Participant: 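Quick one: structure below, then a few questions.
Atoms within each ligand, like the ligands themselves, are counted from 1 in listed order. Bear in mind the structure is a predicted one, so any value in this text is a computation, not a measurement.
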Amino acid sequence: MSLPASTPELARGLKGVVLDTTETSFIDGEAGKLLYRGYNIHDLAERSTFEEVIYLLLYGRLPRRQELAELDEALRESRALPPEVIDVIRLVQRAHPMDVLRTAVSALAAFDPDTDDNSEEATLRKAIRLTAQVPTIVAAHHRIRTGQAPVAPNPELNHAANFLYMLHGHTPTEEAARALDVDFILHAEHGTNASAFAARVTVSTGADLHAAIVSAIGTLKGPMHGGAAEAVMRMVQEIGDPERVEEYVQHALAEGRRIMGMGHRVYKVEDPRARHMRERARVLGEKMGQPKWYRILERIAEVTSPLRARGISLNVDFYAGAVYYLLGIPEDLFIPMFAIGRMPGWCAQVLEQMRNNILIRPLLHYVGPMDLEYIPLEERG
Ligand code: COA
């Protein structure tokens, strides 16, 4: 038996591999800097809205007043789901919300008038429709699985407020709606992370936007990508008291466990998005008479400070879980929240890939046996 002779240099996990050029976002992991289309995430989180960020990511520039109004109207008009898709959600209601979301987006491909049209204009129309429909799927599924009727979208409310309205059946407070609006802005785009990469690979074969978003949702589900906010909140509840943080963290690290909401493939200093979620978690916690969760998180941040020297710092999900919890969002909807926010980024990256497409197809280095003799089944015993 002969083995392949030389081993080429491997890029396992594609760590450090620069795949292509992009105009969508800029990330400097050493400086903790994030720009969407050239605009600093801090300005967008403090001064913009999710609708404006959708426009910015899809069209490459900030909208004029009329352009924003038109996009906003298109989003509000596209929120409702075909009744057949509600039926599909009913059929699969017992599955994890991410599996339901993936299935429902896949089902929407059967009803979208532009599914197979990969032109830029049609892909933009689909991007707007899907961005509007994804929150409706998440909210309708939660209503159905808890034995309640889905709530029809409210065209008077913006994207974030309408999601909370469809989930809970009542209009949220201004603070709650703005906290979610900021969360969506912060999650809107982040380079070729695993899910955006999956979306790019999918359209690189000539497949359409619905197929790409299905790939992206499937990829986001894993705990190393979208699942961290849920894991952080579970950890915070398990700790239960700021006094118990030190013991918990020392014990976890001694056992070689990871502290969720920390560390990042790209950021080696604090993720620039974390500070905005920190502030929202603090303000919401105080307003809602539940400051304990924020205090526990701050204590975890203090106790884990020695990890910073190794480049393991707080990421966006460290505080996001507490914000979702305070907004009354169930834990297994935390990853779908990420998906709702990431929709414009996935769509922008798909459009970018389509404009200058090349099939994404890396190689594997084979290390298995070679030239084995085939023995017929009857002779194998
Ligand atoms: N807590 C404790 N140690 C951590 C850590 C964490 N959250 N994240 C990374 N490390 C340690 C690893 O144990 C490893 O240590 P070692 O070299 O002694 O084995 C080292 O840091 C490098 O980790 P590695 O997994 O190779 O780095 P990566 O760049 O591939 O990891 C993540 C990035 C996100 C997968 C990783 O930091 C992680 O699992 N974080 C927790 C989950 C999370 O919050 N994900 C959301 C990302 S937005």
Participant: How would you list, by chain and number, every residue that makes a salt bridge (charged side-chain N to carboxylate O under 4.0 Å, His left out) with R295, sequence neighbours excluded?
Facilitator: none
Participant: Any protein N/O atoms within less than 3.5 Å of an N/O atom in ligand 1? List the atom names and distances, or say none.
Facilitator:
from	atom 1	to	atom 2	distance (Å)
ligand 1	1 (N)	I259	N	2.9
ligand 1	7 (N)	I259	O	2.7
ligand 1	7 (N)	M262	O	2.8
ligand 1	15 (O)	R310	NH2	3.3
ligand 1	25 (O)	R258	NH1	2.9
ligand 1	25 (O)	R258	NH2	2.9
ligand 1	29 (O)	R265	NE	3.2
ligand 1	30 (O)	R265	NE	3.2
ligand 1	30 (O)	R265	NH2	3.2
ligand 1	39 (O)	R258	NH1	2.8
ligand 1	40 (N)	M262	O	2.9
ligand 1	44 (O)	G261	N	2.9
ligand 1	44 (O)	N315	ND2	3.0

Participant: Taking the inter-plane angle between the rings of W293 and Y325 on a 0 to 90° scale, is it parallel (under 30°), tilted (30 to 60°) or perpendicular (over 60°)?
Facilitator: perpendicular
Participant: Return each pair, listed once, that meets salt bridge (Lys or Arg N to Asp or Glu O under 4.0 Å) where at least one residue sits in residues 143-158; pairs must be two or more places apart or across chains.
Facilitator: R145-D332
Participant: Might you point out which heavy atoms bring H251 and R257 nearest each other, and give the distance in Å?
Facilitator: CD2-NH2, 3.9 Å
Participant: Considering residues at least two apart in sequence or located in another chain, which fulfil the side-chain contact (heavy atoms from CB on, under 4.5 Å) criterion with D112?
Facilitator: D114, T115, K126, R129, H210
Participant: Could you tell me how the ring of H170 sits relative to the ring of H168: parallel (under 30°), tilted (30 to 60°) or perpendicular (over 60°)?
Facilitator: parallel
